[in-house]
Amino acid sequence: MTEIRTPRLILRQWSDDDLVPLSEINADPEVMRWIDDGSVRDLEQTAEDIERYEEEWDEEGFGIFAVELIASGELIGFAGLSVPEYLPEVVPDVEIDWRLGRPFWGQGYASEAAHAVLEFALQDRGLDKVVAITHISNQGAENVIGKLGMTEERETNHPVHDVPLRIWAIDLTEYEA
């Protein structure tokens, strides 16, 4: 698996030590507010998530990275790529994802990690297009998406949770422009 370094972050493979810190992030209702139906996730669900992230690396050649602060070695969340199977109308496009613990919001970490992931997707993995899928009211995510140069493609509803979603996209030609 690839490791990516940015000025302040390491995007890396998952380790056993990441389970508890990620489950603490996933247990925060404010962090999870914009994920699916807003439900928090427990330790067992988080372990299943990490297992799924690792499987996607094996199956797709890309996936979700653990995001660590270089200065402290602390896990602050994740960022990466996934196939949005929950939204079949978007597949085969690949989605960029990120989730950070609340203490790390507002410091540019999400944008820094997302920029690194987008470059990885379009330059290293040779994807022609990357999408982002947000709850329509998630201004924080939309701020990051704007910094990535993504443009709104359309709106839809989550097929299971029936929440309004906005789909954003960028292709290789827009990225290189």
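No experiment lies behind these values; they were computed from the predicted model shown.
In this structure, the side-chain hydrogen bond (donor to acceptor under 3.5 Å, both in side chains) partners of Asn143, at least two apart in sequence or on a different chain, are Gln139. Here Asn138 pairs with Trp34, His135, Ala141 under the side-chain contact (heavy atoms from CB on, under 4.5 Å) rule; sequence neighbours left out. Here Ser39 pairs with Asp37 under the side-chain hydrogen bond (donor to acceptor under 3.5 Å, both in side chains) rule; sequence neighbours left out.
Nearest heavy-atom pair, Lys129 versus Ala169, reported as atom, atom and distance to 0.1 Å: CE-CB, 3.7 Å. Ile4 approaches Ala116 most closely through the heavy-atom pair CG2-CB, 3.8 Å. The two residues Val91 and Pro84 come nearest to each other via the heavy atoms CG2-O, 3.6 Å. Pairing each heavy atom of Ala121 with each of Val130, the nearest pair is CB-CG2, 3.7 Å.
Listed by first and then second residue, the salt bridge (Lys or Arg N to Asp or Glu O under 4.0 Å) pairs involving residues 100-112 are Arg8-Glu112, Asp28-Arg102 (not counting sequence neighbours). Counting only residues at least two apart or in different chains, ring pair (Phe, Tyr, Trp, His ring centres under 6.0 Å) contacts with residues 79-98 comprise Tyr86-His158.
For Glu155, the CD atom counts as densely surrounded, since its 6.0 Å shell holds more than 12 non-hydrogen atoms of other residues, nucleotides or ligands.
Here Trp14 contributes atom CH2 and Asp18 contributes atom CG; the two are 6.0 Å apart, rounded to the nearest 0.5 Å. Note that OG of Ser23 is 11.5 Å distant from CD of Glu44, once rounded to the nearest 0.5 Å. Atom CG of residue Leu81 and atom CG of residue Asp93 lie 12.0 Å apart, to the nearest 0.5 angstrom. In this structure, Glu89 CD and Leu165 CG are separated by 8.5 Å, a value rounded to the nearest 0.5 Å. One finds the NE2 atom of His115 at 9.0 Å from the CD1 atom of Ile96 (value rounded to the nearest 0.5 Å). From Ile170, atom CD1 reaches atom CG of Leu122 across 7.0 Å, with rounding to the nearest 0.5 Å.
Note on Leu148: it clusters hydrophobically with Leu9, by side-chain heavy-atom contacts below 4.5 Å among ILVMFWY residues. In the hydrophobic cluster analysis, where Ile, Leu, Val, Met, Phe, Trp and Tyr join through side-chain heavy atoms closer than 4.5 angstrom, Ile35 is grouped apart from Val131. Ile25 is connected to Trp105 through a chain of hydrophobic side-chain contacts under 4.5 Å among Ile, Leu, Val, Met, Phe, Trp and Tyr, so both are in one cluster. Residues Leu11 and Leu100 share a single hydrophobic cluster, defined by chaining ILVMFWY side chains whose heavy atoms lie under 4.5 Å apart. Hydrophobic cluster membership differs between Ile10 and Val117, with clusters built from Ile, Leu, Val, Met, Phe, Trp and Tyr side chains linked at under 4.5 angstrom.
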Give the intermediate values and the outcome of side chain to side chain contact (heavy atoms under 4.5 Å, CB included) for residues Val163 and Asn157. CA-CA 5 Å; Val163 295; Asn157 279 344; over 6 Å; no
Test side chain to side chain contact (heavy atoms under 4.5 Å, CB included) on Arg41 and Asp49; report intermediate values, then the result. CA-CA 10 Å; Arg41 301 186 65 72; Asp49 290 344; 2.7 Å; yes
Assess whether side chain to side chain contact (heavy atoms under 4.5 Å, CB included) is satisfied between Trp168 and Glu142, documenting all intermediate values. CA-CA 9 Å; Trp168 305 81; Glu142 291 187 4; 3.6 Å; yes
Under the side chain to side chain contact (heavy atoms under 4.5 Å, CB included) criterion, do Leu127 and Leu172 qualify, and how do the steps go? CA-CA 8 Å; Leu127 298 177; Leu172 184 57; over 6 Å; no
In a table with atom names and distances, give each donor-acceptor pair under 3.5 Å that connects a side chain of residues 58-80 to protein atoms at least two apart or in another chain.
| from | atom 1 | to | atom 2 | distance (Å) |
| --- | --- | --- | --- | --- |
| Glu68 | OE1 | Arg12 | NE | 2.5 |
| Glu68 | OE1 | Arg12 | NH2 | 3.3 |
| Ser72 | OG | Glu74 | N | 3.2 |

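Using a 4.5 Å heavy-atom cutoff, the side chains of Ser82 and Val94 are not in contact. Between Arg99 and Asn26 the shortest side-chain heavy-atom distance falls below 4.5 Å. Between Thr156 and Ile167, some side-chain heavy-atom pair lies under the 4.5 Å cut-off.
Side-chain contact annotation: Thr2 with Arg125, donor-acceptor N/O pair under 3.5 Å present. In summary, the side chains of Asp17 and Ser15 do not present any donor paired with an acceptor at a separation below 3.5 Å, with no hydrogens or angles considered.
Classification of Glu55 and Arg52 as a salt-bridged pair fails, no side-chain N sitting under 4.0 Å from a carboxylate O. A salt bridge is absent between Arg166 and Glu153; no separation between the charged side-chain nitrogens and carboxylate oxygens falls under 4.0 Å. Residues Glu152 and Arg154 are not paired through a salt bridge, judged by the lack of any N-O separation under 4.0 Å between the basic side chain and the carboxylate.
A distance-only check finds no donor-acceptor pair linking the side chain of Glu56 to the backbone of Tyr53 [under 3.5 Å]. Using modelled atom types, one side-chain atom of Asp171 and one backbone atom of Thr173 make a donor-acceptor pair closer than 3.5 Å.
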